[in-house]
Structure formats: C-alpha cells, structure tokens
*Asks:* 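Got a structure here, written out as structure tokens. Questions coming.
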Amino acid sequence: MENLNKPLRRVVIVGGGAAGWMSAAALSAVLKPPYEIRLVESDEIGIIGVGEATIPPIRMFNGLAKIDEAEFLKATQGTFKLGIEFVNWGRQGERYFHGFGGVGREALWPVDFSQYWLRLRALGRALPLDAYVISNMAAKANRFMLPRPDMQNSPMAALGYAYHFDASLYAKHLRALSEQRGVRRTEGKVVRVLLNEEPGPAEGHVRAVQMQSGELVEGDLFLDCSGFASLLIEKALGTGFEDWSHWLPCDRAVAVPSESTSPLLPYTRSTAHRAGWQWRIPLQHRVGNGHVYSSSHVSDDEAAGVLLKNLDGQPLADPRIIKFRTGMREEAWRRNVVAIGMSAGFVEPLESTALHLIQMGVAKLIEAFPHSGFDALEIAEYNRQSRERYEYVRDFIVLHYHLNQRDDSEFWKACAAMAIPGALRWRMALYASSGRLANVDGDLFREPSWLEVMEGQNLRPKGWLALAELQGVEETAAYFKGVSDTIAQCVAVMPDHAEFVRRYCPAMPV
C-alpha cells in the first residue's frame, strides 16, 4: 500500500495548442518541485486555431492559472464577449440573443422571474426577453465595461462576460507563462508510444513516448493533448469512441480570417445556412470566420463559397477545411493517460464550449491528482464526471438543431424530425407544459440559457406555474418596468466596446 501511494513525479503532456498549454499553465500553477512537467510538440503539426470564442468560466481558469486578464488580452488580440447572436436558427429571417448572466433579478416572489414574464407576455404587458438581460442590451448597443461588484443592487454587479482571442496567440502566451514556471518543452514528433510490459499494477501503462530524434521521454502520468490524432488514449490504449453524429450531423468546417470591420461587436454571431452554420468572432486585428456543415448535404466547394459570400470584410487567407467527428471517448482517463481536449471528445463550437471542456478536464484532474497507484475508483469518478459534462453540452447543442422550423432544406427538416436524447426531450416537454426550467446540478448551461434558446427558437409553453398569479398584474408590471429601466440606464453609461478595449487591453499592431 505504501508503494502504491507514493507520489508520482513526472507529468508528460503530449501535444501543444490550447489543450496542451492550458494543461501546462494550470498544472504549473499548482505543482511545485519535485514535480516535473514536460510538454512535447512539433512545430510541423499545426493547431486548429481559427479565432476562439469562450464562455464566462474561462475567467475561473485564468484565476487558477494565475493569468492577468489585461495582459493576456493584449497578447492575444482579444476582445470581450457578452453572448451569441443566433440568426436564422428558428425560422429564416429571425434572430435572437443568448446572453451571459441571469434574466431579470432574483425573484422576490415564490417562483422564477421567467414565470412572471410568461404571464405578462400573455397579457401584452411584457417587453421582449432581451430587455431584462443586461448583457443582451449592452451587446445590442455595442457597449462594454467590467462588472462592478461594489454596486450590489445594480445589474452591473454581476455582468457576465467572456472573451474572443486568437487561439494560436493564446497557446503562445500560455507557453511563455508555463516555461517561466519550469515547464520543459521538447520539440519534435512522437513516432512511437511504449507500454510497460512488466507484470504488476502498472502493466499496460504508458512508459514513454519516442521522439523522431530517437529520444525517449519517460513519465508517470501522461496527458494526451494530441487532438483528433489521439496518439495515446486511442492509438496506444484502444479506448474507443462513442459517435454522436446521428444527433449532430455536421462533420466539417471551412475557416478563413477576414479584415476587421466596424463596429467592434462584443459578441459572437452564428448564422444558420442551408446545411450548417457560420461563426463570426471579432478580434482586434481581424475577424475569425468559419462555416460548420454536413458533407452529406453540401460539397466542400459550395460550403467555402457560402462562407466567402457572407464575410463582412475581405478574406486574409485561403479557406481551409477541417474534418471532425462529434462524440466522446468511452473513457477520458485510462490507466495512466488522461485525454484533454479533442482527444477526449468533440462537440462542435456552436456555444463556444471547446476551451471550457479543456478547462474542466484539467481542473477535475487537479482535484483527483493521483498517487503512483492510480486508484481505480478515482479514475471511474473522473470518467463519470467527464461523460456528464460532455452529455450536458451535447444536449444543449442538439436543442438548437432540433428546435428549428425551417423547411428550406432536407438538412433542417431531418434535424427537426430526429429522435433526441431522453434528457433533452424531458427538458423541452417540461418547458412546453408550464414554462418550467429544469434545474440540473452540474449542467454548464443554467436555466437562463435554456430559456433564451427555447424562447428564441419559438418553443412556447402552454401556461405558467400557479404561484406566478399570486402577485397582481399592475404590481408585477411595475416591477418589470423597474428592472428594464435600470438595465437601460446602466447600458447608457457604459463606454463603446472598441473604446473600452483601446483603454484597457490594446494589442500591438500586427
């Protein structure tokens, strides 16, 4: 027992990019000598860096990894993000906003704010949902400022926000921080993975990776950050992959940067096309664009043409095709290998969850950081939590596809008709019945997010909960007016987003 519980010392990260260097930055902020962290990557293997949009939990990762916000935004040409605008997702010509943060205020009455809003809307006494979400109203006005925790009774106290940044520059910034903290980088390709063949508890564990130079990089714990290649978790350990393409049929993306345009929007835009959707991510020096699509419904050339036709500015490079498969590893942690990022699973970036799944994979590894004995129960619990996280994200993304009313293409009609996961079917039925928002512990997307997407894509409940009728209509309407007026006043004093970026985190010209 004593031998199994001795500390492991050597952590080897295979692969760079966002997954590798986020892992290195977080681990190096926590692990001190005699722990050793080594990262191996090849400059010949490009990363899928197409401009990155994030969600608010990225700020917690920055805290864990001790990353200064303004400095990291300067280094990555970053801007701020208040949410995502969805265009043509319900019906063609419609648009709605999924903003960060809560809707309205914490209810002073027995049920959720949204219940009173449903009642007032039915009576013609409510404004659109956006009017009660400060991030949405600020985004529409192209305004931004940091939250003001000192203003406890103001919507500004807890303004939700995230970032847009250049993914390649982000990895470069994290690399510099990690190497300052002692992470050792080895350049080169991994050509072979060696397993331990000695009988005992460590039999079948990864012992080392062999570089193209012939060098052996040995370790006790390996992080597979090799992306879709999955060099360790799949090719060496044969873990297996659970395919979700029957729910998420898009399997390719074409990406291209374009010239910056004004105004500098503080939000991501997702525009649905005939067989997929287009992202728009505004950075300080350019705009990141991509078209996610189903290759069964549209050719690569047509998909690229759709993207180029719908750019706001001139393209800065040739479009490039990225192939992917949605789903997850059957085990994110197997033996002494933990898969982080795309080697663990992939759900398309419709709600900007890619870096969050990396972040949570590393955070949960730190929580359960092993001894050399690799406790089977801890590994099983890590895998249970990993599956839970991926399935929550999957269901939220499937919601967008399934809850459409488009009849202009076979792609959208098939998405509307498909059988969906049981948990998602339950959430939709619950809301359709009484406007009730399912409260699921551990779900990344809380009730306001589900409300904004379901309402934005025209799912209308039959009614509302009984206790929403306890308050008088006039009293409720006055309360709602106070909320919307306060939000409007807050937005009015915010600076323009571009102005705030110039003052707070201006990047060096490219």
*Asks:* Taking the side chain as everything from C-beta on, heavy atoms only, tell me whether L223 gets closer than 4.5 Å to L27.
*Replies:*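 SC-SC contact between L223 and L27 confirmed.
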*Asks:* Taking atom CD1 of I67 and atom CG of L174, what is their separation to the nearest 0.5 Å?
*Replies:*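 If we round to the nearest 0.5 Å, I67:CD1 and L174:CG are 5.0 Å apart.
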*Asks:* Does some side-chain heavy atom of I55 sit less than 4.5 Å from a side-chain heavy atom of L444?
*Replies:*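 Sidechains of I55 and L444: in contact.
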*Asks:* Which of these passes salt bridge (charged side-chain N to carboxylate O under 4.0 Å, His left out) with E234: R325, R334, R329?
*Replies:*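 That would be R329.
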*Asks:* S352 and K81: side chain to side chain donor-acceptor pair (under 3.5 Å), yes or no, with the steps?
*Replies:* CA-CA 11 Å; S352 309; K81 175 182 174 181; 2.7 Å; yes
*Asks:* Quick check: are there more than 12 heavy atoms from other residues, nucleotides or ligands sitting under 6.0 Å from CG of N439?
*Replies:*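 Yes, CG of N439 has more than 12 neighbouring heavy atoms, counting only those of other groups under 6.0 Å.
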*Asks:* Determine, for R185 against D43, whether the closest basic-nitrogen to carboxylate-oxygen distance falls under 4.0 angstrom.
*Replies:*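 Counted as a salt bridge, because a side-chain N and a carboxylate O are separated by less than 4.0 Å.
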*Asks:* I would like to know whether T268 and W279 meet side chain to side chain donor-acceptor pair (under 3.5 Å); could you show each step before the answer?
*Replies:* CA-CA 7 Å; T268 307; W279 76 72; over 6 Å; no
*Asks:* Any side-chain heavy atom of P57 sitting closer than 4.5 Å to one from Q359?
*Replies:*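 In short, these two side chains touch, coming nearer than 4.5 Å.
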*Asks:* Parallel under 30°, tilted from 30 to 60°, perpendicular over 60°: which one fits the rings of Y504 and F80?
*Replies:*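 Geometry flag for F80 against Y504: tilted rings.
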*Asks:* Would you call the rings of Y163 and Y161 parallel, tilted or perpendicular, where under 30° means parallel and over 60° means perpendicular?
*Replies:*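 Taking Y161 first and then Y163, their aromatic rings stand perpendicular (interplane angle over 60°).
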*Asks:* Tell me whether the count of non-hydrogen atoms from other residues, nucleotides or ligands lying under 6.0 Å of CZ in R192 goes above 12.
*Replies:*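 12 or below, so no.
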*Asks:* Are Y293 and W277 packed together at the side-chain level, in the sense that at least one heavy-atom pair is separated by less than 4.5 angstrom?
*Replies:*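 The answer is no; the side chains never approach within 4.5 Å.
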*Asks:* Please verify the inter-ring angle class for H98 with F86; under 30° counts as parallel, over 60° as perpendicular, anything in between as tilted.
*Replies:*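 Ring orientation, 0 to 90° scale: parallel.
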*Asks:* Salt-bridged, E455 to R460, with N to O below 4.0 Å?
*Replies:*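 Salt bridge flag = yes for R460 with E455.
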*Asks:* Under 6.0 Å from the CZ atom of R184, do we count more than 12 heavy atoms belonging to anything else shown?
*Replies:*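 12 or below, so no.
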*Asks:* Considering residues, nucleotides and ligands other than K32, do more than 12 of their heavy atoms fall under 6.0 Å from its NZ?
*Replies:*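 It does: K32 NZ has more than 12 such atoms within range.
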*Asks:* Are any non-hydrogen side-chain atoms of S296 and P249 less than 4.5 angstrom apart?
*Replies:*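 SC-SC contact between S296 and P249 ruled out.
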*Asks:* May I ask you to say whether R9 pairs ionically with E36, meaning some side-chain N is under 4.0 Å from a carboxylate O?
*Replies:*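 Not counted as a salt bridge, because no side-chain N and carboxylate O are separated by less than 4.0 Å.
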*Asks:* Less than 6.0 Å separating the ring centroids of F165 and H173?
*Replies:*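 They do not qualify: ring centres at least 6.0 Å apart.
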*Asks:* Would you please test Y132 and Y116 for ring-ring contact (aromatic ring centres under 6.0 Å, His included) and show each step?
*Replies:* CA-CA 12 Å; Y132 308 105; Y116 301 101; over 10 Å; no
*Asks:* What closest approach, in Å, do V398 and I420 show between heavy atoms, and which atom pair accounts for it?
*Replies:*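 Between these two residues, the closest heavy atoms are CG1-CG2, 4.0 Å.
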*Asks:* Flag the pair F396 / D443 as yes when at least one side-chain heavy-atom distance between them is below 4.5 Å, and no otherwise.
*Replies:*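 F396 does not reach D443 side chain to side chain.
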*Asks:* How about R436: does its CZ atom have over 12 heavy atoms from other parts shown lying under 6.0 Å from it?
*Replies:*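 Not buried by this count: 12 neighbours or fewer within 6.0 Å.
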*Asks:* Output, in order, the C-alpha distance, side-chain angles, deciding distance and verdict of side chain to side chain donor-acceptor pair (under 3.5 Å) for T271 and R280.
*Replies:* CA-CA 8 Å; T271 303; R280 182 187 187 279; over 6 Å; no
*Asks:* Show, in sequence, the C-alpha distance, side-chain angles and deciding distance for Y401 and E348, and conclude whether the side chain to side chain donor-acceptor pair (under 3.5 Å) test is met.
*Replies:* CA-CA 12 Å; Y401 281 100; E348 63 183 72; 2.3 Å; yes
*Asks:* Ignoring hydrogens and geometry beyond distance, is a side-chain donor-acceptor pair present between W89 and S270 at under 3.5 Å?
*Replies:*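 Side-chain D/A pair, W89 to S270: present.
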*Asks:* Just so I know, are the side chains of R427 and L430 near enough to count as touching, which here means a heavy-atom distance under 4.5 Å?
*Replies:*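 Side chain of R427 against side chain of L430, heavy atoms only: no contact under 4.5 Å found.
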*Asks:* Would you say Q457 and Y96 are linked by a side-chain donor-acceptor pair, where the criterion is simply a distance under 3.5 Å?
*Replies:*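 On atom types as modelled, these side chains qualify, holding a pair under 3.5 Å.
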*Asks:* If you measure from the Lys or Arg side-chain nitrogens to the Asp or Glu carboxylate oxygens, is any gap between K364 and E388 under 4.0 Å?
*Replies:*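 E388 and K364: not salt-bridged.
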*Asks:* As a quick check of understanding, evaluate side-chain contact (heavy atoms from CB on, under 4.5 Å) for T326 and V347, giving each step before the final call.
*Replies:* CA-CA 5 Å; T326 55; V347 181; 5.7 Å; no
*Asks:* Is the distance from the ring center of F228 to that of F346 below 6.0 Å?
*Replies:*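 Ring centres of F346 and F228 closer than 6.0 Å.
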